[in-house]
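If you read the sequence from its start, that first residue is 1, and numbering goes on from there. Order of appearance sets the numbers: ligands from 1, and atoms from 1 within every ligand.
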Amino acid sequence: MQFKTPITIALSKGRIFKDTLPLLEKIGIHPLDDIKTTRKLILDTNQNNVKLVLIRATDVPTYVQWGAADFGVTGKDVLLEHGGDGLYEPLDLKIAQCQLWVAGYPDADTHVRRLRVASKYVQSARDFFHARGQQIELIKLYGSMELAPIVGLADVIVDLVETGNTLKANGLVPLEFITDISSRLVANKASWKTKHEDCKKFVNALRDVIEQE
Ligand code: ATP
Ligand code: PRP
């Protein structure tokens, strides 16, 4: 795949990078560096005009929103927190699939007034409980949320669940389903206009790959 204009794609290290690389490979894009050993944050690819930037998962929408990257791959969970300003979301890549749940001890009552909820996903948590008219106290955490009910910091948490093993290992269970999560391709709105031909080519090629999976 050849591009006429320079294209920068923002990815986060870990799960998203690992799951996105095979998709890029299928449309003829791969990094030149050894991804297992490189400490570089900007990776050249076999395509002259295509670069990958490696950033924190929660920073991907911000880089794309401000045009520091034309495209990004980010979890729907991260997008819901970010709000999606300045972004198009042209494609569900169907990778890094999991679900967002309210979780806690099996006997937790999730309908009490002023339920104390700890989460990294404060926007999604607020939206979920407010949608049914329930007032909650929200405690923002940045990780290890399973600890919160155990030490009495919160009644419940809002967290991602895939196999349920992390909850189970900590004596917790999923209590209420919030939404399905997968990773999305996001595009900068200005790039979408100014580099439209290349952007469409990239999105269409990825769409074809996903539809064949
Ligand atoms: P940060 O580096 O900012 O802490 P992170 O640790 O959340 O980010 P990852 O664990 O790589 O980064 O997760 C990236 C994305 O993958 C998440 O935003 C989510 O959409 C998805 N994800 C997270 N955990 C799982 C899981 N257990 N199974 C499937 N997908 C997941
Ligand atoms: C994610 C998420 C959950 C766990 C759920 O954590 O935050 O804790 O996966 O997956 P499971 O239901 O299959 O156990 P991850 O392993 O990515 O660690 P992190 O939060 O430290 O990034």
Side-chain angles (χ1 to χ4, degrees), residues 9-24 31 35-36 38-43 52-66 68-69 71-84 87 89-106 108 117-128 138-151 153-187 206 210 213:
I9 306 163
L11 301 173
S12 55
K13 288 183 193 166
R15 189 175 272 118
I16 288 191
F17 189 57
K18 197 176 118 280
D19 291 357
T20 305
L21 280 188
L23 298 178
L24 292 178
I35 54 157
K36 292 208 180 77
T38 187
R39 303 281 299 163
K40 284 188 196 171
L41 299 176
I42 304 181
L43 305 182
L52 309 179
V53 289
L54 291 182
I55 52 186
R56 281 292 294 267
T58 44
D59 289 336
V60 168
T62 309
Y63 271 65
V64 178
Q65 168 186 18
W66 291 96
F71 285 102
V73 177
T74 184
K76 186 69 183 175
D77 50 323
V78 172
L79 272 180
L80 289 171
E81 293 304 304
H82 174 270
L87 303 174
E89 194 192 306
L91 214 51
D92 181 350
L93 296 174
K94 305 207 169 110
I95 56 173
Q97 291 183 319
C98 53
Q99 299 179 330
L100 195 63
W101 281 78
V102 178
Y105 284 118
V117 183
S119 188
K120 182 170 157 183
Y121 306 103
V122 287
Q123 199 59 49
S124 293
R126 192 180 288 120
D127 289 349
F128 176 75
L138 254 181
I139 300 170
K140 166 85 183 179
L141 293 177
Y142 292 86
S144 303
M145 284 169 265
E146 298 80 8
L147 203 54
I150 299 170
V151 298
L153 176 63
D155 302 314
V156 293
I157 59 174
V158 166
D159 198 5
L160 299 175
V161 179
E162 186 195 12
T163 60
N165 288 343
T166 310
L167 289 178
K168 198 171 170 197
N170 291 288
L172 308 177
V173 292
L175 296 166
E176 290 195 72
F177 172 79
I178 300 181
T179 187
D180 285 311
I181 299 291
S182 58
S183 286
R184 311 301 165 99
L185 183 73
V186 289
L206 276 178
I210 292 154
E213 299 256 305

Exercise for the section: Could you tell me which atoms of ligand 1, counted from 1 in the order shown, lie closer than 4.0 angstrom to a heavy atom of Val78? Expected result: 18 (O)
Problem - Which segment of Ile181 sits under 4.0 Å of ligand 1 when only heavy atoms are counted - result: side chain
Problem - Ligand-side contact atoms (ligand 2) for residue partner Gly164, heavy atom cut-off under 4.0 Å - result: 11 (P), 12 (O), 13 (O)
Completion exercise
Quick look: Gln99 vs ligand 1, heavy-atom contacts under 4.0 Å, and the answer is neither
Exercise for the section: State the atoms of ligand 2, each with its element, that fall below the 4.0 Å cut-off from a heavy-atom position in Thr163. Expected result: 11 (P), 12 (O), 13 (O), 14 (O)
Exercise for the section: List every atom of ligand 2 that sits less than 4.0 Å from any heavy atom of Thr166, numbering the atoms from 1 in the order shown and giving each element. Expected result: 4 (C), 5 (C), 8 (O), 10 (O), 11 (P), 14 (O)
Handout entry: Polar side chain donor-acceptor pair, Ser124 to Arg126, under 3.5 angstrom
Key = no
Handout entry: For Val161, atoms of ligand 2 separated by under 4.0 Å from a heavy atom
Key = 12 (O)
Exercise for the section: Hey, could you give me the CG/CG distance between Leu206 and Leu24, rounded to the nearest 0.5 Å? Expected result: 6.5 Å
Exercise for the section: Answer with yes or no whether the side chains of His82 and Gln123 bring together a donor and an acceptor at under 3.5 Å. Expected result: no
Problem - Pair Gln99-Thr179, side-chain donor/acceptor within less than 3.5 Å - result: no
Problem - Test: Lys76 and Glu89 ion pair at under 4.0 Å - result: yes
Problem - Any protein heavy atom < 4.0 Å from atom 4 (C) of ligand 2 - result: yes
Handout entry: For Thr58, atoms of ligand 1 separated by under 4.0 Å from a heavy atom
Key = 3 (O)
Problem - Closest protein heavy atom to atom 8 (O) of ligand 2, given as residue, atom name and distance to 0.1 Å - result: Glu146 OE2, 3.1 Å
Practice task
Just need the protein heavy atom nearest to atom 10 (O) of ligand 1, so name the residue and atom and give the distance.
Solution key: Arg15 NH1, 3.0 Å
Fill in the blank from the handout: Closest heavy-atom approach to atom 7 (O) of ligand 1 among Arg184, Lys120, Glu81 is made by Lys120
Fill in the blank from the handout: For Asp159, the ligand 2 atoms with a heavy-atom partner under 4.0 Å come out as 3 (C), 7 (O), 8 (O)
Exercise for the section: Please state which part of Arg15 comes within less than 4.0 Å of ligand 2, counting heavy atoms only: side chain, backbone, both or neither. Expected result: side chain
Fill in the blank from the handout: min-distance protein heavy atom vs atom 28 (N) of ligand 1 -> Glu162 OE1, 3.0 Å
Handout entry: atom 17 (O) of ligand 2 touched by protein heavy atom at under 4.0 Å
Key = yes
Problem - Nearest protein heavy atom under 4.0 Å from atom 10 (O) of ligand 2, yes or no - result: yes
